S.K.: 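I am attaching a structure below and will ask some questions about it afterwards.
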Amino acid sequence: MYYIGYDIGSSSVKAALVEAETGKKVIVLNEPQNEMEILSIHPDWAEQDPEIWWQHICTATKRAIKEANVDASKIQGIGISYQMHGLVIVDKEGAPLRNSIIWCDSRAVEIGNKAFAEIGEEKCMSHLLNSPGNFTASKLKWVRENEPQLYSKISKYMLPGDYIALKLTGEVTTTKNGLSEGMLWDYKENKVADWLLEYYGIDTGLTPKIVENFTNQGVVTEKASKESGLPAGIPVLNPGEVAATGGTSGVFYAVSEMSSGKSTRVNNFVHVNYELKTPRVGKLLNINGAGIQYRWLRNNMGNESYEVMNEKASNVEIGSEGVVVIPFGNGAERMFNNKNIGTHFLNLNLNIHNSAHLFRASLEGIAFSFVYGMGCLKDDNATINVIRAGNDNLFRSEIFSNTVATLIGHEIEIYNTTGAVGAARAVGLEDGDYSKFGANVSDNDHVMTFLPLHNKEPYETAYKKWKQELELILTNK
């Protein structure tokens with residue numbers, strides 16, 4: 001028997017089949033096999049057509065079943081992980097009314113800033129654990145203000161994963177996790193933050209029905225079965241955030257007992273095992289300009305493989321001979337209180353530096369942004385003991401992983417897993433056995449561990465220089 005998991009990212013949709021009993025991976029693949037388009041018709045906008053996600057889900061599912069040579073009837077359940085705090089709006093038939101406004105879209109920054117100022121810091125931080133910010137609620141307000149004809153047709157708003165669940169089941173539902181991502185969950189009252197919707201002038205009836213974590217969001221319909229190749233009648237679960245990586249964006253994720261939010265630079269979310277009696281909160285630091293920075297270099301520097309880029313970078317000394325890359329060219333950054341500071345290439349000497357220096361400086365710059373962000377997490381009372389990361393393009397680089405591990409003084413455990421694998425395994429969490437879930441990860445996926453290096457000085461010198469350049473830019477913003 002098998003579980004299947006999906007991870008709806010902004011670059012691709014990943015699908016993974018795992019053995020239900022052991023959690024062992026059977027196959028992992030992604031669609032499209034290059035990258036999905038992000039539409040940016042205005043600066044700092046980022047949109048995707050939700051129907052494209054569904055088409056790739058169907059293609060990936062059929063490929064996985066065929067290439068793994070498994071009997072589709074033995075797939076027992078579906079888990080969904082997804083890009084965070086995007087907005088999907090649908091009409092009464094469940095059809096999208098517009099493209100999804102996705103996570104890295106910055107158009108609602110000022111809407112969130114105004115709400116924070118007018119509602120007040122005390123209420124926002126004690127009830128939302130954060131500012132309304134550039135999240136789903138503020139994006140919905142943007143639609144109401146700027147596209148009133150579309151807004152009048154909305155039946156429900158939802159998160160990206162909720163939309164895929166709708167396509168699979170025909171049911172419009174969401175979870176506390178999803179609502180908390182969108183800044184729509186009142187932690188103090190343990191219910192939807194209707195007061196924020198009312199402040200924004202949004203009909204509170206647009207919120208979908210809430211289902212608990214690790215309970216069915218519905219079962220696969222005959223129509224979805226025909227389109228995807230999945231068995232009809234199997235359950236769909238939305239486990240929320242189950243893995244953190246350094247893909248298009250960079251993510252650090254820590255879990256703590258609930259307290260009032262302290263920093264508007266860190267996102268607080270309902271953790272997957274959140275309950276009223278044990279209100280665990282996930283503290284997430286997101287860096288928009290992470291993997292996309294390194295991908296941009298790859299696409300615009302001859303399209304060499306990441307392995308070749310990493311090898312060239314390894315021949316350059318720590319500190320990249322003075323070259324500094326400030327890697328924030330993918331929209332407003334939460335850890336800078338939604339400032340959009342862009343990407344900067346600094347101190348290039350055309351007689352000395354070449355592409356290898358840019359590769360190393362980019363890896364270092366992204367690593368330094370993680371280190372800087374770790375300080376934001378610690379300021380928000382997060383306790384970090386060990387970092388577990390996916391074996392993606394960034395963490396495959398020894399330069400990147402050694403730099404992060406050495407500067408923060410914690411080991412980094414690398415796991416060959418993805419959000420899709422985590423989502424598939426999470427289907428088995430209906431039984432509440434988190435220890436078994438953790439054992440499946442440790443037993444099947446651990447690749448290597450990066451330990452902090454003893455000679456910290458050159459890393460600290462390079463980081464200090466990078467931070468000085470960053471603070472000069474922030475001062476002028």
Side-chain angles (χ1 to χ4, degrees), residues 43-46 84-87 101-142 180-185 187 193 196 199-200 249-254 256 259-269 281-290 292-293 326-344 365-366 368-382 463 466-477:
D44 302 326
W45 286 26
M84 303 177 72
H85 54 76
L87 171 68
I101 302 176
I102 66 171
W103 61 275
C104 55
D105 186 290
S106 302
R107 75 186 70 182
V109 167
E110 290 310 314
I111 290 173
N113 289 345
K114 182 182 178 185
F116 189 52
E118 293 186 354
I119 294 169
E121 180 177 349
E122 192 282 327
K123 179 158 187 176
C124 289
M125 298 306 285
S126 62
H127 288 259
L128 302 176
L129 307 188
N130 215 323
S131 155
N134 184 42
F135 295 108
T136 309
S138 300
K139 289 168 181 171
L140 185 55
K141 167 67 169 174
W142 184 93
S180 68
E181 289 175 19
M183 218 49 56
L184 286 156
W185 188 253
Y187 291 85
L196 178 61
Y199 165 83
Y200 278 156
S249 64
V251 171
F252 272 149
Y253 192 76
S256 67
S259 62
S260 294
K262 180 182 177 184
S263 172
T264 58
R265 302 192 295 169
V266 171
N267 304 330
N268 291 281
F269 301 126
V281 173
K283 291 182 179 292
L284 183 144
L285 181 92
N286 188 71
I287 301 163
N288 288 357
I292 194 171
Q293 168 74 43
I326 305 294
F328 301 113
N330 193 30
E333 291 285 353
R334 187 65 168 170
M335 71 177 180
F336 301 134
N337 283 314
N338 293 317
K339 286 184 178 179
N340 189 344
I341 68 171
T343 281
H344 300 256
I366 301 164
F368 294 156
S369 71
F370 271 64
V371 175
Y372 186 92
M374 181 65 75
C376 299
L377 270 179
K378 290 182 176 178
D379 286 345
D380 204 52
N381 299 322
Y463 176 59
W466 179 90
K467 191 175 178 183
Q468 287 172 342
E469 298 284 11
L470 170 65
E471 288 173 348
L472 282 172
I473 294 166
L474 289 172
T475 300
N476 293 321
K477 283 291 180 178

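If you're wondering where the values come from, they're calculated on a predicted model, not measured in any experiment.
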S.K.: Run the side-chain contact (heavy atoms from CB on, under 4.5 Å) test against Glu118 and tell me which residues pass, sequence neighbours left out.
M.R.: Lys114, Tyr199
S.K.: Determine whether a donor-acceptor pair (N or O, by modelled atom type, separation under 3.5 Å) exists between the side chain of Ser138 and the backbone of Gly133.
M.R.: yes
S.K.: Any idea which heavy atoms bring Ala137 and Met183 closest together, and the distance?
M.R.: CB-O, 4.2 Å
S.K.: So how far is it from His127 NE2 to Ile119 CD1, rounded to the nearest 0.5 Å?
M.R.: 11.0 Å
S.K.: Decide yes or no on side chain to side chain contact (heavy atoms under 4.5 Å, CB included) for Ile101 and Trp142, but give the supporting numbers first.
M.R.: CA-CA 10 Å; Ile101 302 176; Trp142 184 93; 4.3 Å; yes
S.K.: Does any non-hydrogen side-chain atom of Cys124 lie less than 4.5 Å from one of Asn130?
M.R.: no
S.K.: What distance separates Phe135 CZ from Leu140 CG, expressed to the nearest 0.5 Å?
M.R.: 15.0 Å
S.K.: Using the benzene-type ring in the case of Trp, are the ring centres of Tyr463 and Tyr372 under 6.0 Å apart?
M.R.: no
S.K.: Let me see the working for Ile326 and Thr343 under side chain to side chain contact (heavy atoms under 4.5 Å, CB included), right down to the final yes or no.
M.R.: CA-CA 5 Å; Ile326 305 294; Thr343 281; over 6 Å; no
S.K.: What do the steps show when you test Ser180 against Tyr187 for side chain to side chain contact (heavy atoms under 4.5 Å, CB included), and what is the final call?
M.R.: CA-CA 9 Å; Ser180 68; Tyr187 291 85; 3.4 Å; yes
S.K.: Kindly indicate, with the supporting measurements, whether the criterion side chain to side chain contact (heavy atoms under 4.5 Å, CB included) is fulfilled by Lys467 and Phe368.
M.R.: CA-CA 8 Å; Lys467 191 175 178 183; Phe368 294 156; over 6 Å; no
S.K.: What's the shortest heavy-atom distance between Tyr200 and Ala115, and which atoms?
M.R.: OH-CB, 3.4 Å
S.K.: Nearest 0.5 Å, what's the OG-NZ distance between Ser106 and Lys339?
M.R.: 14.5 Å
S.K.: Does some side-chain heavy atom of Ile473 sit less than 4.5 Å from a side-chain heavy atom of His344?
M.R.: yes
S.K.: Grab the two heavy atoms, one from Gly331 and one from Asp44, that are nearest each other, plus how far apart they are.
M.R.: CA-OD1, 4.4 Å
S.K.: Is any side-chain heavy atom of Phe336 closer than 4.5 Å to a side-chain heavy atom of Leu470?
M.R.: yes
S.K.: Donor-acceptor check, side chain of Asn134 to backbone of Ala108, threshold 3.5 angstrom: yes or no?
M.R.: yes
S.K.: Regarding Glu181 and Thr136, do their side chains bring together a donor and an acceptor under 3.5 Å, going by distance alone?
M.R.: no
S.K.: Residues two or more places apart in sequence or in another chain: which of them pass salt bridge (charged side-chain N to carboxylate O under 4.0 Å, His left out) with Lys139?
M.R.: none
S.K.: Can you name the nearest heavy-atom pair linking Ser369 to Phe328, along with the distance?
M.R.: CB-CZ, 3.5 Å
S.K.: Output all residues satisfying side-chain contact (heavy atoms from CB on, under 4.5 Å) with Ala46, sequence neighbours left out; order by chain, then residue number.
M.R.: Ile38, Ile102, Cys104, Asp105
